[in-house]
S.K.: 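Take a look at the following structure, please.
Order of the sequence lines fixes the chain letters, A, B, ..., with proteins taken first and strands second; residue numbering starts at 1 for each chain. Atom set for the values below is all heavy atoms of this structure, side chains included, hydrogens, waters and symmetry mates excluded. No experiment lies behind these values; they were computed from the predicted model shown.
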Amino acid sequence: VSTDAESFVIPAAPDLIPDGAWTKVEGGVCAAKGFKATGVYAGLRASGKKGDLALVVADAPAVVAGTFTQNVMCAAPVLYCKDVLKRRKTVRAVMTNAGQANAATGTQGYEDSVACAAALAAALGVEADDVLLQSTGVIGRRMKMEAFLPAIPQLPASLGATTADAHRAAVAITTTDLVSKEAALRVQLSSGATVTVGGMCKGSGMIHPNMA
Amino acid sequence: TMLGVVTCDAAVSPEVWTGIVKRASVASFNSITVDGDTSTNDCVIGLASGAAGNAPITDPASKDAQLLDAAVTALMQGLAKSIAWDGEGATCLLEIEVTGAASDADARVIARSVAGSSLAKSAFFGHDPNWGRIAAAAGYSGIIFDQAELGVRLGSMTLMKDGQPLAFDKAAANKYLKDTCAVHGTVQVFVTVGKGPGKGMAWGCDLSYDYVKINAEYTT
């Protein structure tokens with residue numbers, strides 16, 4: 001895997017967060033305490049050398065919630081995550097690949113998701129159910145497991161909690177996106193404690209979400 | 001496909017966190033559209049570490065829960081809008097605000113109908129202040145309203161009021177669209193459908209030649 005800077009050089013999206021009782025801060029998914037992230041180039045894309053494998057890890061079990069497409073033809077990682085969330089209220093990691101959507105790949109696709117989650121769980125020293133997955137890319141094509149599986153054990157070594165680490169993750173989940181999309185904000189609770197929320201997303205086409 | 005990962009360091013119960021992520025997803029990612037195609041992979045995952053050290057938020061009606069709800073919604077709206085802004089081939093972000101509906105959910109349906117209209121989107125790309133296409137898209141949304149109460153405003157210019165088109169300055173409206181698209185800015189459209197309490201927003205983008213070019217050349 002590679003974290004070469006040139007694999008992660010795309011412009012950032014403009015700040016489009018509405019104004020309110022919060023302060024915008026830097027750091028994306030790493031802005032909140034207790035999280036590390038990374039993005040690497042693992043050779044999963046059909047072409048180009050842009051980052052294509054991202055990982056967000058919580059230092060300790062994190063309370064989890066998810067919303068998922070209601071498309072009947074949903075992808076294997078969607079099915080996998082929904083299965084995990086039936087059993088778990090906390091997880092440790094979310095791994096996202098670009099290149100192949102792992103959709104319309106049948107039983108083989110689901111088994112590939114399970115294998116990826118198991119490999120990451122082993123690399124992080126957690127249980128397989130501590131891992132959630134996301135995929136994006138071409139539909140109906142098997143993931144490049146020959147590149148994917150060897151890359152996974154190398155991911156933890158590149159984890160970090162800096163803005164740059166979060167940015168690499170944000171770029172590694174993009175497909176046809178022309179910009180990376182990440183944001184974070186800080187809000188003070190009535191009790192006086194300060195809470196930070198950060199995030200990243202991707203999307204440019206095939207966009208009409210209807211999640212539940 | 002849209003994917004999202006949201007991290008938060010609040011201490012919050014799974015039940016409260018699930019409600020927050022669900023409501024925020026509806027008011028953000030479920031309120032954008034680029035091309036009307038729902039992906040096989042759309043997914044938002046929210047993680048809360050509890051590392052902020054606050055007293056755990058367990059009551060969804062508490063002030064802290066509402067503050068966190070608003071913050072997560074704002075963050076997700078910012079992220080979702082960036083997807084619409086970066087819609088394939090887009091030259092502008094469309095922000096549609098609907099008021100006067102029977103409910104917020106109704107207002108969001110109308111707003112996304114306008115944001116998703118291929119004809120309205122094409123008009124915006126052509127810098128055409130085409131109130132008729134906006135009115136039509138509101139009308140076929142599936143939400144019932146009195147057409148005599150429809151109003152349409154583009155930026156600061158009122159194009160329709162009480163169901164009637166107005167004699168607006170078309171050159172100024174054209175310039176508003178042209179100038180906004182020139183800087184990949186945000187075109188604002190305000191639609192009124194009655195006197196109900198419901199209000200909602202949706203976001204999209206214009207439809208350009210490049211959308212077809214990109215998707216004719218890129219396999220999904």
S.K.: In terms of heavy-atom pairs under 4.5 Å with chain B, which of A/V138, A/T67, A/V64, A/I139 leads?
M.R.: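 Result: the option with the highest number of such pairs is A/T67.
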S.K.: Considering only heavy atoms and a distance below 4.5 Å, find which of A/A103, A/G205, A/A13 pairs most often with chain B.
M.R.: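 Among A/A103, A/G205, A/A13, the one with the most close pairs to chain B is A/G205.
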S.K.: Check whether any side-chain heavy atom of A/S204 sits under 4.5 Å from a side-chain heavy atom of B/V34, and report yes or no.
M.R.: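 Contact flag for A/S204/B/V34 side chains = no.
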S.K.: Heavy-atom distances under 4.5 Å only: say whether A/F35 touches chain B with side chain, backbone, both or neither.
M.R.: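 Just its side chain gets close to chain B.
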S.K.: Can any side-chain N or O of B/N41 pair as donor or acceptor with the backbone N or O of A/A101 at less than 3.5 Å?
M.R.: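 Pair found, side chain donor or acceptor close to backbone of A/A101.
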S.K.: Are the side chain of A/K89 and the backbone N or O of B/P14 linked by a donor-acceptor pair below 3.5 Å?
M.R.: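 No, the answer is negative, given that no donor and acceptor are paired below the 3.5 Å cut-off.
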S.K.: Can you see which heavy atom on B/T18 is nearest to which on A/A65, and at what distance?
M.R.: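 The pair with the smallest heavy-atom distance is CA-CB, 3.7 Å.
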S.K.: Among A/C74, A/G66, A/G34, A/S190, who wins on heavy-atom pairs under 4.5 Å with chain B?
M.R.: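 With the most close heavy-atom pairs to chain B, the winner is A/S190.
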S.K.: Between the side chain of B/T33 and the main-chain N/O of A/H208, is any donor-acceptor distance below 3.5 Å?
M.R.: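 No, B/T33 side chain to A/H208 backbone: no donor-acceptor pair under 3.5 Å.
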S.K.: Could you tell me the separation between the CG atom of B/D86 and the CG atom of A/L178, rounded to the nearest 0.5 Å?
M.R.: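 Between atom CG of B/D86 and atom CG of A/L178 there are 5.0 Å.
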S.K.: Taking every heavy-atom pair that is under 4.5 Å apart, which of B/S13, B/G87, B/S39, B/G89 has the most such pairs with chain A?
M.R.: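 Max contact count across the listed options: B/S39.
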S.K.: State the NZ-CG distance between A/K24 and B/L75, to the nearest 0.5 angstrom.
M.R.: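 Rounded to the nearest 0.5 Å, the NZ-CG separation comes out at 11.0 Å.
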S.K.: To check you understand the geometry: which heavy-atom pair defines the closest contact between A/V195 and B/C8, and what is its length?
M.R.: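 It is CG1-SG, 4.0 Å.
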S.K.: Closest heavy-atom contact between B/D9 and A/T194?
M.R.: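 Heavy atoms only, the tightest pair is OD1-O, 4.5 Å.
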S.K.: Indicate yes or no: at least one non-hydrogen side-chain atom of A/T176 is less than 4.5 angstrom from one of B/N215.
M.R.: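 Counting from C-beta outward, A/T176 and B/N215 never come under 4.5 Å.
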S.K.: In terms of heavy-atom proximity below 4.5 Å to chain B, should A/Q70 be classed as side chain, backbone, both, or neither?
M.R.: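 It is neither, since no heavy atom gets under 4.5 Å.
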S.K.: Does NZ belonging to B/K22 count more than 12 external heavy atoms closer than 6.0 Å?
M.R.: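 12 or below, so no.
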S.K.: Using non-hydrogen atoms and a 4.5 Å limit, figure out which bit of A/Q100 sits close to chain B: side chain, backbone, both or neither.
M.R.: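 Nothing of A/Q100, per the 4.5 Å heavy-atom cut-off to chain B.
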S.K.: Taking every heavy-atom pair that is under 4.5 Å apart, which of B/N54, B/I20, B/V26 has the most such pairs with chain A?
M.R.: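 Result: the option with the highest number of such pairs is B/N54.
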S.K.: Flag the one option from A/T136, A/L132, A/L185, A/T196 with the top tally of heavy-atom pairs under 4.5 Å to chain B.
M.R.: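 Most pairs with chain B among the choices: A/T196.
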S.K.: Does B/S49 use its side chain to pair, donor to acceptor, with the backbone of A/K33 at less than 3.5 Å?
M.R.: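 Yes, the answer is positive, given that a donor and an acceptor are paired below the 3.5 Å cut-off.
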S.K.: Take atom NZ in A/K36; do more than 12 heavy atoms of anything else shown fall under 6.0 Å from it?
M.R.: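 Atom NZ in A/K36 is not crowded, with 12 or fewer foreign heavy atoms closer than 6.0 Å.
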S.K.: Tell me, side chain or backbone of B/I57 under 4.5 Å from chain A's heavy atoms, or both, or neither?
M.R.: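 Just the side chain, heavy atoms under 4.5 Å.
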S.K.: Checking heavy atoms, do the side chain of B/E15, its backbone, both or neither come under 4.5 Å from chain A?
M.R.: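 It is the side chain, since no backbone atom gets that close.
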S.K.: For the interface with chain A, which of B/V12, B/L3, B/T73, B/L47 has the highest count of heavy-atom pairs at distances below 4.5 Å?
M.R.: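 Of B/V12, B/L3, B/T73, B/L47, B/L3 has the most heavy-atom pairs under 4.5 Å with chain A.
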S.K.: Which heavy-atom pair separates A/M211 from B/C43 by the least distance, and what is that distance?
M.R.: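 Result for this residue pair: SD-N, 3.7 Å.
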S.K.: Provide the closest heavy-atom pair for B/T7 versus A/G28 in the form atom of the first, atom of the second, distance.
M.R.: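 Taking B/T7 first and A/G28 second, the nearest heavy atoms are OG1-O, 4.4 Å.
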S.K.: How far apart are the C-alpha atoms of A/V197 and B/L68, what are their side-chain angles, what is the distance that settles it, and do they pass the side chain to side chain contact (heavy atoms under 4.5 Å, CB included) test?
M.R.: CA-CA 9 Å; A/V197 185; B/L68 185 61; 4.2 Å; yes
S.K.: Output the option from B/A10, B/A51, B/S25, B/G36 having the highest count of non-hydrogen pairs under 4.5 Å with chain A.
M.R.: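 It is B/G36.
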S.K.: With a 4.5 angstrom heavy-atom cut-off, is it the side chain or the backbone of A/V94 that approaches chain B, or both, or neither?
M.R.: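 For A/V94, side-chain heavy atoms alone lie under 4.5 Å from chain B.
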S.K.: Quick check on A/A193 against chain B: is it the side chain, the backbone, both or neither that has a heavy atom closer than 4.5 Å?
M.R.: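 For A/A193, side-chain heavy atoms alone lie under 4.5 Å from chain B.
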S.K.: Which bit of A/V78 comes within less than 4.5 Å of chain B, counting heavy atoms only: side chain, backbone, both or neither?
M.R.: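 Looking at A/V78, just its side chain touches chain B.
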S.K.: Going by atom types alone, do A/N71 and B/T40 pair a side-chain donor with an acceptor below 3.5 Å?
M.R.: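 Judged by distance alone, the side chains do not pair up.
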S.K.: Considering non-hydrogen atoms only, spot the tightest contact between A/W22 and B/A74 and give its length.
M.R.: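 Heavy atoms only, the tightest pair is CZ2-CB, 3.2 Å.
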S.K.: Report the C-alpha separation of B/V5 and A/I173 in whole Å, then their side-chain angles, then the decisive distance to 0.1 Å, and conclude whether the side chain to side chain contact (heavy atoms under 4.5 Å, CB included) test is met.
M.R.: CA-CA 10 Å; B/V5 178; A/I173 66 174; 6.0 Å; no
S.K.: Under the side-chain contact (heavy atoms from CB on, under 4.5 Å) test against B/K81, which residue among A/D15, A/I17, A/L16 passes?
M.R.: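 Only one of A/D15, A/I17, A/L16 forms a side-chain contact (heavy atoms from CB on, under 4.5 Å) with B/K81, namely A/L16.
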S.K.: With a 4.5 angstrom heavy-atom cut-off, which part of A/T90 approaches chain B: side chain, backbone, both or neither?
M.R.: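 For A/T90, neither part sits under 4.5 Å from chain B.
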S.K.: To the nearest 0.5 angstrom, please state how far the CG atom of A/D177 sits from the CD1 atom of B/I83.
M.R.: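 Rounded to the nearest 0.5 Å, the CG-CD1 separation comes out at 7.5 Å.
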S.K.: Would you say B/Y209 has more than 12 foreign heavy atoms packed within less than 6.0 Å of its OH?
M.R.: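 Check fails, neighbour count at 12 or below.
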S.K.: Pick one of side chain, backbone, both or neither for A/A60, based on which atoms fall under 4.5 Å of a heavy atom in chain B.
M.R.: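 For A/A60, there is no contact with chain B at all, as no heavy atom is under 4.5 Å.
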S.K.: Would you mind checking which part of B/W17 comes under 4.5 Å of any heavy atom in chain A, side chain (CB onward), backbone (N, CA, C, O), both or neither?
M.R.: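 Backbone plus side chain of B/W17, per the 4.5 Å heavy-atom cut-off to chain A.
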S.K.: Counting C-beta onward and ignoring hydrogens, is there a side-chain heavy-atom pair between A/V56 and B/I45 closer than 4.5 Å?
M.R.: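 When only atoms from C-beta onward are counted, B/I45 and A/V56 do not touch, as no gap falls below 4.5 Å.
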S.K.: Answer yes or no: does atom CZ of A/R88 have more than 12 heavy-atom neighbours from other residues, nucleotides or ligands under 6.0 Å?
M.R.: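 It does: A/R88 CZ has more than 12 such atoms within range.
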S.K.: Identify which part of B/A70 has an atom lying under 4.5 Å from any heavy atom of chain A, answering side chain, backbone, both or neither.
M.R.: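 Both parts, backbone and side chain.
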S.K.: Given the rule in the side chain to side chain contact (heavy atoms under 4.5 Å, CB included) test, do A/S191 and B/D64 qualify, once you have shown the distances and angles that lead to the verdict?
M.R.: CA-CA 8 Å; A/S191 57; B/D64 279 354; 3.6 Å; yes
S.K.: What I'd like to find out is whether the side chain of A/K202 reaches to under 4.5 Å of the side chain of B/T1, using heavy atoms alone.
M.R.: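 The answer is yes; the side chains approach within 4.5 Å.
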